[in-house]
Amino acid sequence: MNVIREAKREMARVISQAINVEEEKVFNNIEYPSKEGLGDLSLPLPSVTRNLNIDVSGRGKYVKSFRRDGIFINVELDEVSVFNDVFSSLSEDYGLEKVDKPKRIVVEHTSANPIHPLHIGHLRNAILGDTLVRLLRARGHLVNSRFYVNDSGRQVAILIYGLSKLNYPEPPAGVKKDEWLGLIYAMTNVILEIRQITQELKNASESEYKEKISKRDELVAVAQGLRERNEEYFDVLSDGIMKEEDPEKVILDIIERYERGDERTKQIVRKYVNYALEGFMESLGKLGISFDVFDYESDLLWNGDVRKVLEETMDSRARVNYKGTWALDLENFIDEAVKEELRIPKGLELPPLVLMRSDGTTLYTLRDVAYTFKKFSDFKADVVINVIAEQQAVPQMQLRATLYLLGYPEHAKNLLHYSYGMVSLQGMRMSGRLGRYISFDEVYEKVKEVVEAKVREKKGNLEELDEIVNSAIRYAIVSVSANKPVTFNVNKITNLEENSGPYLQYTYARAYNILAKVTDHLDVSNIDPLELVGEKRKILIMIARFPEVFAKAADDMSPEVLTVFLRQFSDLFNAWYDKERVLQEKDEKKRITRIFLVKGVEAVLRNGLKSLGIKPLTKM
RNA sequence: GGACCCGUAGCUCAGCUAGGACAGAGCGGAGGCCUUCGGAGCCUUAGGUCGCGGGUUCGAGUCCCGCCGGGUCCGCCA
C-alpha cells in the first residue's frame with residue numbers, strides 16, 4: 001500500500017477538475033513543501049496553469065483541507081486516515097514496492113585485474129555495484145551479478161613471467177594470496193621498466209636523457225621499497241630478468257600460448273589467476289559482496305566468441321583501413337540522431353574501433369563486444385549495467401556504437417554505463433603497476449580497529465563488530481553521488497556520529513528494543529488521534545512516503561536518495577525519542593498510538609538498510 | 001585543441017535528471033542536557049556573493065551560452 005500515492009491521486013483529481021487541467025499533469029507536479037506549517041503536499045500553480053486566480057476547496061479520504069498560499073495550493077492530509085491505512089497493512093516487506101514488469105538485469109562490477117589485491121578504487125566500484133544489485137532485486141527485478149576476469153592481457157603475462165623466474169612458487173601459508181601476487185607483479189613490472197629505460201638511455205638524445213634519468217631514479221626508489229618487502233624474491237627476479245636476452249619476447253610468447261589455449265600455460269595461468277580471485281572473494285566477503293558468475297576473458301577466445309564477432313565486424317560496411325590495420329569507422333556511420341539515442345555527446349568525434357593488431361591478435365574493446373553479447377544472451381537480459389570508472393566513458397560509447405552498427409540497436413540502447421568518479425589518494429594517483437595503493441584489506445582493518453575501540457569504550461556488543469564496520473564503509477561510499485571525484489580519507493569513514501551507517505543501526509536498535517518490550521495488544525482502532533501531532537505526525541508522513549523514496553532510489557539507481565531519507569528519518573525519530581516516552585506512557589490509547597509509530601520506524605529502517613546491504617542491528 | 005565529470009558553510013557532502021516558498025545535513029567552533037524505553041543520542045548558537053558573467057522565466061543552486069579553477073579521456077594498453 002502506497003498511501004502517499006493515493007493521497008496525491010486524490011489531490012490531483014480534485015484540483016484537475018477545479019482548474020480543468022489533466023490529472024496526470026497535476027499529479028506529476030505535486031511536491032513536498034520546503035518548510036513547516038505549509039501542509040503536507042503542495043502544488044505550485046504556475047507549473048500547471050496560467051490562471052492563478054483560483055481556489056480549491058473540499059476534502060476527501062486523505063485530503064483534509066486545501067489552502068491557497070501565494071502561487072501554491074497546499075494540502076493538509078488527514079493523519080488518521082493515513083495512520084489507519086499505513087498500519088492496517090504494515091507487512092514485513094513494507095515499502096519495498098515491486099515493479100509491475102520485472103526486468104532481467106545483468107550488473108557487471110568490480111572486475112579487477114587478477115594481479116594485485118583490490119584497492120580503494122575497487123572498493124567504490126564493488127560497493128556501488130553490489131548496492132545496485134540489492135536495490136534492483138528489492139525492487140523486484142531479476143538480477144545477475146557478474147565479474148569479468150581479465151586474464152588474457154599483458155598484465156597477467158607479466159605476472160606469470162615473474163612467477164616463472166621464481167620457479168612457480170606456492171603462496172606461503174597465512175599470507176593473503178592476492179597480496180602475495182601483487183608484490184611479485186609489482187616487482188616484476190618495475191624491474192622490467194628499469195631494464196627498458198636503461199636500454200633506451202643508450203640511444204637517447206641529449207634532451208631526452210635528463211628526463212629518462214630522473215624517471216629511472218624514481219623507478220629505482222620504488223624498486224628499493226619493493227625489495228624491502230621480500231629481498232629473496234626481488235633478487236631472484238632482478239637477476240633473472242636482467243640476464244634475459246629479450247624479456248619482451250618471452251612475455252609475448254606467454255600471451256600467445258595462453259590465447260591459443262596451450263594446456264600447460266592454461267594450467268599455470270588459471271591456477272594463479274584463481275589465487276587472486278580467492279583473495280578478492282575473501283576481501284569482498286567481509287562486506288557481504290559476492291557474484292553469481294565469473295566470466296573469464298580467455299574463455300571468449302577459446303570458444304570462438306571473439307572470432308565470430310571479429311568476422312561480423314570484418315563484414316561491416318563501416319570497416320576501414322586504419323593506420324595499416326582494420327577498424328570500424330564509428331564516426332561516419334553513426335549519425336547525430338543515433339548518437340543521441342546511444343547517449344553519445346554530439347560534439348564528440350568517436351574514435352574508430354580498432355579490430356585487431358597488425359599481427360592479427362585481438363584487442364580488449366573487441367573482446368568486450370563479444371562479452372557484451374554473452375551477458376545479454378546468457379541471462380536473456382533486458383538490460384546490462386556496467387559499473388566502470390568514468391575514464392572508460394569513451395570505450396563504453398564505442399561499445400554501444402559498435403553494437404548498433406552490427407545490427408543490435410536494442411543491445412546498444414540497453415547497455416548502461418554506470419559511471420563513477422576517480423578515487424585519489426591525497427593528491428597521489430594509485431598505481432598497481434608500481435605497487436602503490438591502499439588496499440581494500442588495509443582500509444577494512446583500519447576501520448575495524450577504530451570501530452572496535454569505540455565499541456569497547458561504550459562497553460558494547462562485539463559480536464556484530466563486522467556488521468558495524470560494513471555499515472560504516474558502505475554508508476561513506478554510498479552517500480556520495482557516484483559521479484563525484486573523491487579523495488580517499490579514512491577519518492571520514494571512521495566517524496561514526498550522526499551522518500553515518502552506525503548511526504542508522506543505532507537508531508534501529510532503539511526502535512527495536514522498544515518493540516521487544518511491548519505487551520499491549522495492538523489494534524489500529526484503539527488509538528488516540530490527538531497524538532498525531534508534532535514530530536509524531538511528521539514521522540507518520542515519512543513512513544507513508546518511504547515506498548515512494550525507495551522506488552525512486554531503485555529506479556534512478558541513486559542509493560544516496562535512500563541514504564539521505566533514512567538519515568533524516570532517523571534524526572526525526574531521535575528528536576522525538578528524547579522528548580517523550582513510549583512504554584512508560586500511562587494512557588493506553590496514547591501508548592498504542594506511539595507503539596504503532598515505532599513499528600513503522602522499525603520497518604522503514606529495517607527494509608531501507610537491508611536494501612543498501614546494511615544489517616539492522618538489534619543490539620550494538 | 002576536442003569531449004566528459006566536478007566546483008554549494010572552515011572541512012566532507014545532500015539538493016540540479018522533470019525550475020517553485022527564507023539554500024540543508026554532518027564534522028569542526030561556542031554553550032547546554034544523564035532521577036531518561038540504549039548518550040553512537042538530544043537541545044541552543046555562530047558560519048553561505050550556491051566558482052564568475054550574461055541569458056531564458058512570473059520565479060534559477062537547478063535550464064541555456066560564455067568564461068575561470070580541479071580532474072579524466074582522446075593507444076595496434078586494459
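On a predicted model such as this, the values are computed, not experimentally measured, just so you know.
No side-chain heavy atom of A/Pro616 sits under 4.5 Å from any side-chain heavy atom of A/Leu605. The shortest distance between side-chain heavy atoms of A/Met557 and A/Ile385 falls below 4.5 Å. For the pair A/Tyr420/A/Val486, no side-chain contact is recorded, criterion being any heavy-atom separation below 4.5 Å from C-beta on. A/Ile438 places none of its side-chain heavy atoms less than 4.5 Å from the side chain of A/Lys446.
The side chain of A/Asn495 lies closest to B/C27 when the candidates are B/C37, B/C27, B/A14. With B/A78, B/C76, B/C37 as the candidates, the nucleotide lying closest to the side chain of A/Gln584 is B/C37. Out of B/A40, B/C76, B/A21, the shortest distance to the side chain of A/Ser358 is found at B/C76. Considering only side-chain atoms of A/Phe72, the nucleotide from B/A40, B/A78, B/A21 that sits closest is B/A21. Candidate nucleotides B/G38, B/U17, B/G15 were compared by shortest atom distance to the side chain of A/Tyr506, and B/G38 ranks first. The A/Glu560 side chain lies nearest to B/G15 when the options are B/C5, B/C42, B/G15. When distances run from any side-chain atom of A/Glu31 to the nucleotides B/G15, B/C37, B/G20, the shortest one goes to B/G20. When distances run from any side-chain atom of A/Glu498 to the nucleotides B/G38, B/C76, B/C42, the shortest one goes to B/C42. Closest to the A/Pro345 side chain, of the nucleotides B/A25, B/C76, B/C4, is B/C4. The listed nucleotides are B/A25, B/G38, B/G20; the one nearest the side chain of A/Ile71 is B/G20.
Counting any heavy atom pair closer than 4.0 Å across all strands shown, A/Val598 reaches no nucleic acid atom. At the heavy-atom level, A/Lys25 lies nowhere under 4.0 Å from the strands shown. Residue contacts shown for A/Ser47 include a base, since a base heavy atom lies under 4.0 Å away. As judged by a 4.0 angstrom heavy-atom cut-off over every strand, A/Leu38 is placed among the base-contacting residues. The residue A/Gln568 sits apart from the nucleic acid: no heavy atom pair falls under 4.0 Å. A/Asn513 comes within 4.0 angstrom of a nucleotide base, judged by non-hydrogen atoms across all strands. Within the nucleic acid shown, A/Tyr577 comes within 4.0 Å of at least one base atom, counting heavy atoms only. Using a 4.0 Å heavy-atom criterion, one finds that A/Glu349 contacts no nucleic acid atom at all. If you check every strand for non-hydrogen atoms under 4.0 Å, A/Lys492 touches sugar and phosphate atoms only. In this structure, A/Gly324 reaches the bases: a heavy-atom distance under 4.0 Å links it to at least one base atom across the strands shown. Here A/Glu535 lies out of heavy-atom contact (under 4.0 Å) with every strand. Using a 4.0 Å heavy-atom distance criterion, A/Ala393 is classed as making no nucleic acid contact. Residue-level contact check: A/Lys619 touches the bases, meaning some heavy atom is under 4.0 Å from a base atom. Contacts of A/Arg50 with the nucleic acid, taken as non-hydrogen atoms under 4.0 Å apart, are absent.
Atom C1' of nucleotide B/G41 and atom CD of A/Glu497 are separated by 10 Å, given to the nearest angstrom. Protein atom CG of A/Leu504 is 13 Å distant from nucleotide atom C1' of B/A25, rounded to whole Å. Rounded to an integer number of Å, the gap from CG of A/Asp69 to P of B/A21 is 12 Å. Atom pair A/Lys484:NZ and B/G70:C1' shows a separation of 13 Å (rounding to whole Å applied). Atom C1' of nucleotide B/A18 and atom CG of A/Asp556 are separated by 10 Å, given to the nearest angstrom. When the C1' atom of B/C42 is taken as reference, atom CZ of A/Arg581 falls 11 Å away, rounded to whole Å. Straight-line distance from the NZ atom of A/Lys35 to the C1' atom of B/G20: 12 Å, rounded to whole Å. Between A/Gln155 atom CD and B/C77 atom P the separation is 13 Å, expressed in whole Å.
With both ends at atom C1', the span from B/G47 to B/G2 equals 41 Å, rounded to whole Å. Taking atom P on both nucleotides, B/G41 is separated from B/C5 by 37 Å, rounded to a whole Å. Look at the P atom in both B/A78 and B/G69: the space between them is 35 Å, to the nearest Å. Taking atom C1' on both nucleotides, B/C22 is separated from B/G48 by 13 Å, rounded to a whole Å. Comparing the P positions of B/G20 and B/G15 gives a spacing of 13 Å, expressed to the nearest Å. Here, B/C6 and B/A14 have their P atoms 10 Å apart, quoted to the whole Å. Spacing between B/C77 and B/C16 at atom C1', rounded to whole Å, works out to 36 Å. With C1' as the reference atom, B/C50 and B/C4 are 23 Å apart, rounded to whole Å.
If you run side-chain hydrogen bond (donor to acceptor under 3.5 Å, both in side chains) between A/Asn386 and each of A/His417, A/Lys375, A/Arg146, A/Gln392, only A/Lys375 comes through.
Looking only at atom types and distance, the side chain of A/Tyr161 has no donor-acceptor partner in the side chain of A/Thr188 under 3.5 Å away. Looking at A/Tyr508 and A/Glu602, their side chains do bring a donor and an acceptor atom within 3.5 Å of each other.
A parallel orientation is assigned to the rings of A/Tyr148 and A/Tyr371, their planes being inclined by less than 30° (bins at 30° and 60°).
The existence of a salt bridge linking A/Arg594 and A/Glu531 is confirmed by a sub-4.0 Å separation between a basic side-chain nitrogen and an acidic carboxylate oxygen. Ion pair A/Arg591/A/Asp520 flagged as a salt bridge, since at least one NZ, NE, NH1 or NH2 atom sits closer than 4.0 Å to an Asp/Glu carboxylate oxygen.
Between A/Ile73 and A/Val56, the closest heavy-atom pair is CD1-CG2, 3.5 Å.
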Dot-bracket for RNA chain B, please, read 5' to 3', with Watson-Crick or G-U wobble pairs under 3.5 Å on both distances, ( ) within the strand, [ ] crossing, | other strand, . unpaired. (((((((..((((......[...)))).(((((.......))))).....(((((..]....))))))))))))....
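Phosphate proximity of B/C13 to A/Tyr475: absent, as no side-chain N or O sits under 4.0 Å from OP1 or OP2. Contact annotation: A/Thr365 side-chain N/O to B/G75 OP1/OP2 distance is not under 4.0 Å. The phosphate of B/C37 has neither OP1 nor OP2 within less than 4.0 Å of any side-chain N or O from A/Arg594. Between A/Arg357 and B/G75 there is no side-chain N or O to OP1 or OP2 distance below 4.0 Å.
Positionally, the nearest nucleotide of RNA chain B for A/Asn499 lies more toward the 5' end than for the other of A/Asn499 and A/Thr507. Each of A/Leu617 and A/Tyr503 lies near RNA chain B, and the nucleotide nearest A/Leu617 is the one positioned closer to the 5' end.
Because its NZ or CZ atom is both nearer than 6.0 Å to the ring centre of A/Tyr577 and within 45° of the ring axis, A/Arg510 counts as a cation-pi partner of that residue.
For a distance-only test at 3.5 Å, the side chain of A/Ser42 qualifies as a donor-acceptor partner of the base of B/A21. Counting atom types as modelled, A/Asn74 pairs a side-chain N or O with a base atom of B/A21 as donor and acceptor under 3.5 Å.
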